[in-house]
Amino acid sequence: MDNKMEVKILEIMNTVLDNRTKKKLTVLSPEMHLRNDIGFDSLDLAELTVRIEAEYDIDIFEDGIVNTVSEIFEKLNSK
Amino acid sequence: MDFFLKDIEHGAPITWDFLINDINNSLTYNPYCKSDNYYHVFKHIITSLIIGKEIILLDSDFTDSELVNLTGFSEYEEFTQLIDKGSFSLLRDKVELIEKLRNTCDDWKITLFTSGTTGIPKKVTHNFNSITRFVKISERNTNSIWGFAYNPTHMAGIQVFFQALLNGNAIVRLFGLTPNEIHSEINENDITHISATPTFYRLLLPCENTFQTVERITSGGEKFNEKTILQLKDIFPNAKITNVYASTEAGTLFASENDVFSIRPEYEHLIRVDNGELLIHSSLMGSSDINIKEWYNTGDLIEIITKKPLKFRFISRKSDMINVGGYKVNPLEVEETILTLSGIKNVRVYSKSNSVLGNIICCEVVCDNNQISESSIRTFLQSKIQEFKIPRIIRFVDELSTTRTGKIKRN
């Protein structure tokens, strides 16, 4: 996985978590589940997609919900 | 599965006998109900029905300032009253409880709050007949098991609650759970009916499992796209999928199997279309502190497909209300709240379409000093308004752009 992209996604996720005063992440691993492991709810996922789209111009949830960190990278790398 | 409620947060299912004992042993009653515990809310409603007193439902996440705006108070201890045990015989069993509930007295009232169109949420009161107008009681429903996927203090949740309660059905909480938990709750409890917003269903997808026990899927509150419906048909192969149109003011009014709605002939004279907008007759509405004339403007624009029988499709909303995953947000209310923070000169709240929730709340603010940060606005709002109303994207600008529905500029 692209290191620069990984750092950016981690930063975006932490912004979203911080906005809801949820615990921030220190590392990001591909198998992490967005809802079960990271603890995003639907409001957070909605914000996440807007912030990622602002950065990469890709709506990661356009074709349905993605579940894991690695699926986000797949979406971003496929376009 | 003959239990009253299963809530994963409380472990084992709560039985009807436990509920009945709990009600029989209750000595006091408070008309105000604010709790995030599903059992407490449901028991509170049932107690109010049994003793024939009004109940006022408050969202568990209302802030103190919202409570003061809505009710004039933020503490409700002083409203606790003794239940006159002499006037009620103890309940013997589930059959007697349900029978009693079905014959609730005319004095009973339920009050809830809806996002008002003028800034502050408004109060809507229903009696037993208006809140249960569309409840279907029949032998066929006796064995239904409901997946409860709404906030219990909102209109949609109340309607599901009454449909389940008056048929003596078990309720399984699904709202607020993770997709994995939802999947296992459906399987373990053989859930047959689920009613939820499109957002709830979207968040279950993609899903590799199929759920054979589910017979009926109902959705409402936002537009449901064809793709989601097709995906749901794969997961719930035995379910009939229905869309409903409901509002806090009127409750459930119409149902459809696709995006074309029809109304039962006996209610046809109670709806009208004016300039493309759906109007509902006041006799279908709960009472509200806002004066309703004979006809109520819903703010929903519809397209008529056939006049006799009346069939129509919803096109859009006339008002500025923003639908965030089925929750209505009034941008004026959010703007007014942000403006009360000192240092804010001007603000515009708008929506941006979103693939998860349908819409997301954004705002632009103009500040008159540098002390204001995104997090200071957020912290302030968390004490003033409910979480789903708080803008997720906050931009600082020198002056406001002219359109409320404008897109976010990328840096």
Side-chain angles (χ1 to χ4, degrees), chain A residues 4-5 7-9 11-25 29-76 78-79, chain B residues 61 175-183 196-208 225 227-228 230-232 234 324-327 329 351-362 373-375 377-379 381-382 386-395 407-411:
Chain A
K4 208 172 131 204
M5 189 185 269
V7 172
K8 191 72 208 172
I9 295 295
E11 184 192 316
I12 291 174
M13 286 185 174
N14 277 334
T15 304
V16 176
L17 291 167
D18 199 34
N19 282 342
R20 295 284 294 281
T21 57
K22 291 182 180 177
K23 199 168 164 263
K24 290 208 249 180
L25 301 169
S29 56
E31 71 285 355
M32 277 177 155
H33 193 283
L34 301 180
R35 280 167 283 174
N36 297 336
D37 298 328
I38 302 180
F40 285 136
D41 64 15
S42 57
L43 285 172
D44 300 324
L45 292 175
E47 180 178 340
L48 182 71
T49 175
V50 174
R51 291 189 185 274
I52 291 180
E53 190 178 353
E55 187 68 32
Y56 296 102
D57 218 4
I58 292 170
D59 178 354
I60 50 168
F61 293 130
E62 196 179 8
D63 312 315
I65 300 298
V66 299
N67 283 318
T68 61
V69 170
S70 67
E71 286 170 46
I72 294 183
F73 288 108
E74 276 166 33
K75 289 268 175 190
L76 294 181
S78 70
K79 303 211 176 172
Chain B
D61 60 347
F175 192 68
L177 307 190
T178 66
N180 284 351
E181 288 169 334
I182 294 170
H183 295 165
T197 58
T199 292
F200 176 90
Y201 295 118
R202 271 199 295 272
L203 290 169
L204 288 182
L205 303 168
C207 173
E208 286 145 18
N225 67 33
K227 197 173 150 194
T228 315
L230 288 175
Q231 285 171 304
L232 286 178
D234 285 341
V324 179
Y327 289 93
V329 177
S351 70
K352 181 172 160 50
S353 69
N354 185 275
S355 45
V356 181
L357 293 171
N359 293 289
I360 181 172
I361 308 281
C362 306
S373 67
E374 190 168 341
S375 73
I377 295 177
R378 229 174 263 286
T379 312
L381 291 178
Q382 272 154 0
Q386 289 170 284
E387 193 67 49
F388 66 90
K389 297 177 181 171
I390 297 176
R392 302 303 307 232
I393 306 290
I394 299 175
R395 293 176 60 222
K407 284 201 160 183
I408 298 175
K409 287 178 199 145
R410 296 181 212 289
N411 302 319

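In the text below, chain A, chain B and the rest are named by the order of the sequence lines, each starting its count at 1.
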Open item on the list: Which atoms of Thr49(A) are under 4.5 Å from chain B, going by heavy atoms: the side chain, the backbone, both sets, or neither?
Closed with: side chain
Open item on the list: Please check if the number of heavy atoms outside Glu208(B) that lie under 6.0 Å from its CD is greater than 12.
Closed with: no
TODO: Decide whether Thr68(A) and Ser70(A) meet the rule of one side-chain donor and one side-chain acceptor closer than 3.5 Å.
DONE: yes
Task: chain A contact via Leu203(B) - side chain, backbone, both or neither, heavy atoms under 4.5 Å - done: both
Task: Pair Arg392(B) + Asp44(A): basic N to acidic O under 4.0 Å - done: yes
Open item on the list: I'd like to verify something: which residue of Leu204(B), Asn354(B), Thr178(B) has the highest number of heavy-atom pairs under 4.5 Å with chain A?
Closed with: Asn354(B)
Open item on the list: Between Arg202(B) and Thr199(B), is there a side-chain donor-acceptor contact under 3.5 Å, judged purely by atom types and distance?
Closed with: yes
Task: Which portion of Gln382(B) sits near chain A, non-hydrogen atoms under 4.5 angstrom - done: side chain
Task: Region of Val16(A) that comes under 4.5 Å of a non-hydrogen atom in chain B - done: both
Open item on the list: Could you check whether Lys75(A) pairs with Glu62(A) (Lys NZ or Arg NE/NH1/NH2 to Asp/Glu carboxylate O, under 4.0 Å)?
Closed with: no
TODO: Tell me, out of Asn180(B), Thr379(B), Ile390(B), who's got the most heavy-atom pairs with chain A below 4.5 Å.
DONE: Asn180(B)
